[in-house]
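Structure record follows, encoded as structure tokens.
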Amino acid sequence: MACSKATPDFELLDPDAIPQPKFSGSTTKSINTTSDTATFQITGQCDPKIRSLNGRAVNIATAYSSVDNLTISGATVACATSGTFSFELKSLTGLGYTAVVGQTYEIELRGMTSAGNSRPSYIRITYSSPVGAPHLLLSGGGVHSGLDPANRLFSTTFQADVRTSHIQAPIPAPTSLNFTLKIGTAGRY
């Protein structure tokens, strides 16, 4: 029998066979922030086959690099011993993003094994308004207008100025602006 010369080739039949890093059992971690300069503590679980982690900031980096490039002071990857990893992820600004209200930013994280890289797991950071929900400030003053000697009560006239501390644009023009204000007394003379 004769053998033909062949080039050896390795092909992974099931890409899901390479374990992914996980966050409390999930491959996605969602974070909400109101600061584009806040950093994030990330912890997760990893299979003992994972030797290291690599990642990339989507739409910032095209290639994956060591996860240390996404962190403040390096990552602790102890998959073989404790099955965990942890690191302090850079802020949105530190990662290269210009934060826009309502936008979600994605970090891909992959486990590196002797058989290759896993499919990515995701850290999704949603940036919201740093001021939060709109608030109303009511201020006013009273003017004493008389004393009723029969029941020792007095009447007072109040004026109030109403202004908002924050309006998030764009906002539709209101067709009417009505509200009810209830005032209680804290004490009596």
Side-chain angles (χ1 to χ4, degrees), residues 10-137 163-174:
F10 175 80
E11 182 179 335
L12 185 63
L13 299 177
D14 183 7
D16 289 328
I18 298 177
Q20 293 173 258
K22 295 194 176 180
F23 314 99
S24 299
S26 175
T27 57
T28 302
K29 179 173 184 68
S30 297
I31 299 171
N32 294 311
T33 187
T34 58
S35 172
D36 60 348
T37 58
T39 59
F40 311 98
Q41 293 296 327
I42 306 295
T43 58
Q45 305 78 45
C46 48
D47 188 278
K49 295 180 190 90
I50 294 176
R51 296 179 176 176
S52 62
L53 298 174
N54 63 20
R56 73 182 186 105
V58 175
N59 296 325
I60 298 293
T62 55
Y64 286 87
S65 64
S66 170
V67 73
D68 290 343
N69 295 328
L70 303 172
T71 70
I72 296 297
S73 60
T76 300
V77 181
C79 301
T81 56
S82 66
T84 62
F85 64 90
S86 64
F87 55 87
E88 186 175 359
L89 184 65
K90 290 180 181 178
S91 67
L92 291 173
T93 302
L95 291 167
Y97 292 110
T98 301
V100 175
V101 173
Q103 184 68 39
T104 298
Y105 302 92
E106 193 168 79
I107 310 302
E108 292 182 346
L109 195 64
R110 299 188 308 182
M112 297 174 64
T113 70
S114 60
N117 293 318
S118 72
R119 290 188 181 198
S121 295
Y122 303 95
I123 301 169
R124 294 189 173 123
I125 305 168
T126 302
Y127 178 70
S128 60
S129 171
V131 176
H135 299 281
L136 293 177
L137 172 65
R163 55 191 161 106
T164 61
S165 61
H166 175 73
I167 294 180
Q168 189 174 356
I171 109 173

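Throughout, residue positions are numbered sequentially from 1 according to the sequence presented.
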Between the main-chain N or O of Ser24 and the side-chain N or O of Gln45, is there a donor-acceptor pair closer than 3.5 Å?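 Between the backbone of Ser24 and the side chain of Gln45 there is a qualifying donor-acceptor contact (under 3.5 Å).
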
Determine whether a donor-acceptor pair (N or O, by modelled atom type, separation under 3.5 Å) exists between the side chain of Glu106 and the backbone of Arg124.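 No, because the side chain of Glu106 does not come within donor-acceptor range (under 3.5 Å) of the backbone of Arg124.
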
Answer yes or no: is there a side-chain heavy-atom contact under 4.5 Å between Ile107 and Tyr122? no

4.5 Å side-chain heavy-atom contact, Ile123 and Phe23: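 Counting from C-beta outward, Ile123 and Phe23 do come under 4.5 Å.
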
Looking at every non-hydrogen atom in both residues, tell me the closest pair between [X] and [Y] and how far apart they are.
X	Y	result
Arg51	Ser114	NH2-CB, 3.2 Å
Ser128	Thr34	OG-CG2, 3.4 Å
Ser121	Pro21	OG-O, 2.5 Å

For residues 85-96, dump all side-chain donor-acceptor pairs below 3.5 Å to protein atoms at least two apart in sequence or in another chain.
from	atom 1	to	atom 2	distance (Å)
Glu88	OE2	Thr39	OG1	2.5
Lys90	NZ	Asn69	O	3.1
Ser91	OG	Gly94	N	2.9
Thr93	OG1	Asp36	O	3.0

Salt bridge (charged side-chain N to carboxylate O under 4.0 Å, His left out) contacts touching residues 56-67 (sequence neighbours left out): Arg56-Glu108

Here the ring-ring contact (aromatic ring centres under 6.0 Å, His included) pairs for residues 88-115, sequence neighbours left out, are Tyr97-Tyr105

Name every donor-acceptor pair, under 3.5 Å, that has one atom in a side chain of residues 70-77 and the other anywhere in the protein, sequence neighbours excluded.
from	atom 1	to	atom 2	distance (Å)
Thr71	OG1	Asp68	O	3.0
Thr71	OG1	Gly74	N	2.8

Could I get the full list of side chain to side chain donor-acceptor pair (under 3.5 Å) partners for Thr28, not counting sequence neighbours? none

Could you list the residues that satisfy side chain to side chain contact (heavy atoms under 4.5 Å, CB included) with Ala80, not counting sequence neighbours?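 By the side chain to side chain contact (heavy atoms under 4.5 Å, CB included) rule, Ala80 matches no residue at all.
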
Going by distance alone, is a donor N or O of one side chain under 3.5 Å from an acceptor N or O of the other, for Ser35 and Thr33?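 The answer is no; no qualifying pair exists.
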
Apply side-chain contact (heavy atoms from CB on, under 4.5 Å) to Thr113 and Ile50, showing your working. CA-CA 5 Å; Thr113 70; Ile50 294 176; 4.1 Å; yes

Could you tell me the separation between the NZ atom of Lys22 and the CG atom of Leu109, rounded to the nearest 0.5 Å?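 Rounded to the nearest 0.5 Å, the NZ-CG separation comes to 13.5 Å.
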
